[in-house]
Amino acid sequence: MYVIIVGAGRVGLNLSQSLIREGINVTLIENDEAVSEEVAEQVNAMVMYGDATSVPVLESADISEADVFVAATGKDTVNLLAAVLSKNYPNIKKTIARVNDLDHEQAFKKVGIDVTVSPESTVAAYLERIITRPKVADLIVLGRGSTELLDIKIENEELIGQRVLDYSPTENYIVCAVYENDELIIPQEDTLFHQNQKISVLTKSDYVKEVTQLFSP
């Protein structure tokens, strides 16, 4: 797979490093020469100095060979134009754009950008969940926010010694795993709940409060 990332700032750099660790071929395009030179020393990838809203620059990055195009700069105008230009290449299977101002999100969608991402709103939503759901040890939002994976500590004394499979699965949640002596265990017929045991629960977002109150009231 070949991925082109526009913008070598915090988002672009971290993304490129993650993809490189997965063995994916990456090219970074950065319009600040000093930043491009600095980043080139940090990543095992091609880093180009240039304006990604310029077709010749995109061609120099072999955009006709790319599978995924990511516009991740801090400027929505640059991300929008660069992403729109990438749509002219049928080899691009997915176009992803960072949206810094959520008021611009509809504009991105109207021109056919496959995926829009707002790191700031994602972080804000995560912090909101930490504040409003303090008993949830960890949380991952899945499926456009319709499903959540929670790590919860068992504090409901009525569950102690009860079989996990007597409470899961239901149509609204499933206990995916329990942890015993820091070892992850997939619930079996004889798996029981223990005091202060950590469990992982996949639940519909609308039932997070109900699930949390059941296991950790």
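What you see is a predicted model, and the numbers here were worked out from it, not measured in a lab.
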Checklist outcome for this item: Between Ala83 and Ala97 the two heavy atoms that sit nearest each other are CB-CB, 4.4 Å
Checklist entry - Hydrophobic cluster mates of Leu165, side-chain heavy atoms under 4.5 angstrom, ILVMFWY only, any path? => result none
Next on the checklist: Please enumerate all residues that pass side-chain contact (heavy atoms from CB on, under 4.5 Å) together with Leu15, with sequence neighbours excluded.
Outcome noted: Ile5, Leu19, Val70
Checklist entry - Does one side chain, of Glu148 or Thr203, offer a donor that lies under 3.5 Å from an acceptor on the other? => result no
Checklist outcome for this item: Leu202 and Cys176 have their tightest heavy-atom pair at CB-SG, 3.6 Å
Item to check | Separation of Gln162 CD from Leu192 CG (nearest 0.5 Å) | outcome: 8.5 Å
Item to check | Atom pair OG (Ser86) and NZ (Lys94), whose distance is rounded to the nearest 0.5 Å | outcome: 13.0 Å
Checklist entry - What is the distance from atom CD1 of Ile199 to atom CD of Glu180, rounded to the nearest 0.5 Å? => result 12.0 Å
Checklist entry - Is there a side-chain contact between Asn79 and Asn100, using heavy atoms and a 4.5 Å cut-off? => result yes
Checklist outcome for this item: Between Ile29 and Gly50, the two heavy atoms sitting closest are CG2-O, 3.6 Å
Checklist entry - Heavy atoms, side chains only, cut-off 4.5 Å: are Val201 and Leu149 in contact? => result no
Item to check | Cluster overlap Val55 with Val111, hydrophobic side-chain contacts below 4.5 Å | outcome: no
Next on the checklist: Tyr167 vs Leu159, test: side-chain contact (heavy atoms from CB on, under 4.5 Å). Steps then yes/no.
Outcome noted: CA-CA 9 Å; Tyr167 292 84; Leu159 296 179; 3.4 Å; yes
Next on the checklist: Show me the pairs that pass salt bridge (charged side-chain N to carboxylate O under 4.0 Å, His left out) and involve residues 25-37, at least two apart or across chains.
Outcome noted: none
Item to check | Co-membership, hydrophobic cluster, residues Met1 and Val43, 4.5 Å side-chain | outcome: yes
Item to check | Contact check, side chains of Thr95 and Val115, non-hydrogen atoms, under 4.5 Å | outcome: no
Next on the checklist: Listing request: all side chain to side chain donor-acceptor pair (under 3.5 Å) pairs with a residue in residues 11-28, at least two apart in sequence or in separate chains.
Outcome noted: Tyr2-Thr27, Ser18-Arg21
Item to check | Beyond-backbone contact of Tyr173 with Leu214, side-chain heavy atoms, under 4.5 angstrom | outcome: yes
Checklist entry - Does anything in residues 53-67 pair up under side chain to side chain donor-acceptor pair (under 3.5 Å), and if so which pairs, sequence neighbours excluded? => result Asp51-Thr53, Glu59-Tyr89, Asp67-Lys93
Checklist entry - Do the side chains of Phe69 and Ile96 get nearer than 4.5 Å, heavy atoms only? => result no
Item to check | In one Ile/Leu/Val/Met/Phe/Trp/Tyr side-chain cluster, 4.5 Å: Val57, Leu81 | outcome: yes
Item to check | Donor-acceptor contact present, side-chain Asn91 to main-chain Ala66, <3.5 Å | outcome: yes
Checklist entry - Cluster question for you: counting only ILVMFWY and a side-chain heavy-atom cut-off of under 4.5 Å, with indirect links fine, are Val35 and Val78 together? => result no
Item to check | Atom pair CD (Glu158) and CD1 (Ile160), whose distance is rounded to the nearest 0.5 Å | outcome: 10.0 Å
Item to check | Results of side-chain contact (heavy atoms from CB on, under 4.5 Å) for Val11 - residues two or more places apart only | outcome: Ala72, Arg98, Pro119
Item to check | Those residues that, when tested against Gln197, pass side-chain hydrogen bond (donor to acceptor under 3.5 Å, both in side chains) (two or more places apart) | outcome: none
Checklist entry - When you look at NZ of Lys75, are more than 12 heavy atoms from neighbouring residues, nucleotides or ligands closer to it than 6.0 Å? => result no
Item to check | With Lys87 via salt bridge (Lys or Arg N to Asp or Glu O under 4.0 Å) - residues at least two apart | outcome: Asp114
Item to check | Derivation of the side-chain contact (heavy atoms from CB on, under 4.5 Å) call for Leu28 and Met46 | outcome: CA-CA 6 Å; Leu28 274 162; Met46 178 181 289; over 6 Å; no
Item to check | Qualifying residues under salt bridge (Lys or Arg N to Asp or Glu O under 4.0 Å), relative to Asp190, sequence neighbours excluded | outcome: none
Checklist entry - Should Val178 and Lys198 be marked as a side-chain contact (heavy atoms from CB on, under 4.5 Å) after you check the CA-CA gap, both sets of side-chain angles, and the distance that decides it? => result CA-CA 6 Å; Val178 301; Lys198 188 176 79 170; over 6 Å; no
Checklist outcome for this item: What one should report as the nearest heavy-atom pair of Ala52 and Leu85 is O-CD1, 4.2 Å
Item to check | Check: His104 and Leu80 side chains under 4.5 Å, non-hydrogen atoms | outcome: no
Checklist entry - Quick one: are Val117 and Val99 in side-chain contact, heavy atoms under 4.5 Å? => result no
Checklist entry - With sequence neighbours excluded, what pairs up with Asn31 under the side-chain hydrogen bond (donor to acceptor under 3.5 Å, both in side chains) test? => result none
Checklist entry - Given the rule that I, L, V, M, F, W and Y join up when any side-chain heavy atoms are under 4.5 Å apart, are Ile63 and Met48 in one cluster? => result yes
Next on the checklist: Ile4 vs Val68, test: side-chain contact (heavy atoms from CB on, under 4.5 Å). Steps then yes/no.
Outcome noted: CA-CA 6 Å; Ile4 293 177; Val68 178; over 6 Å; no
Checklist outcome for this item: Those residues at least two apart in sequence (or on a different chain) that pass side-chain contact (heavy atoms from CB on, under 4.5 Å) with Leu184 are Ala177, Tyr179, Ile186
Item to check | Rounded distance (nearest 0.5 Å) linking atom CG of Asn196 with atom OG of Ser216 | outcome: 9.0 Å
Checklist entry - Which pair of heavy atoms, one from Gln195 and one from Glu155, lies closest together, and at what distance? => result NE2-CA, 4.3 Å
Checklist entry - Sequence neighbours excluded, which residues qualify as side-chain contact (heavy atoms from CB on, under 4.5 Å) partners of Glu210? => result Tyr207
Checklist entry - Within a strict 4.5 Å, meaning less than it, do heavy atoms of the Phe215 and Val175 side chains meet? => result yes
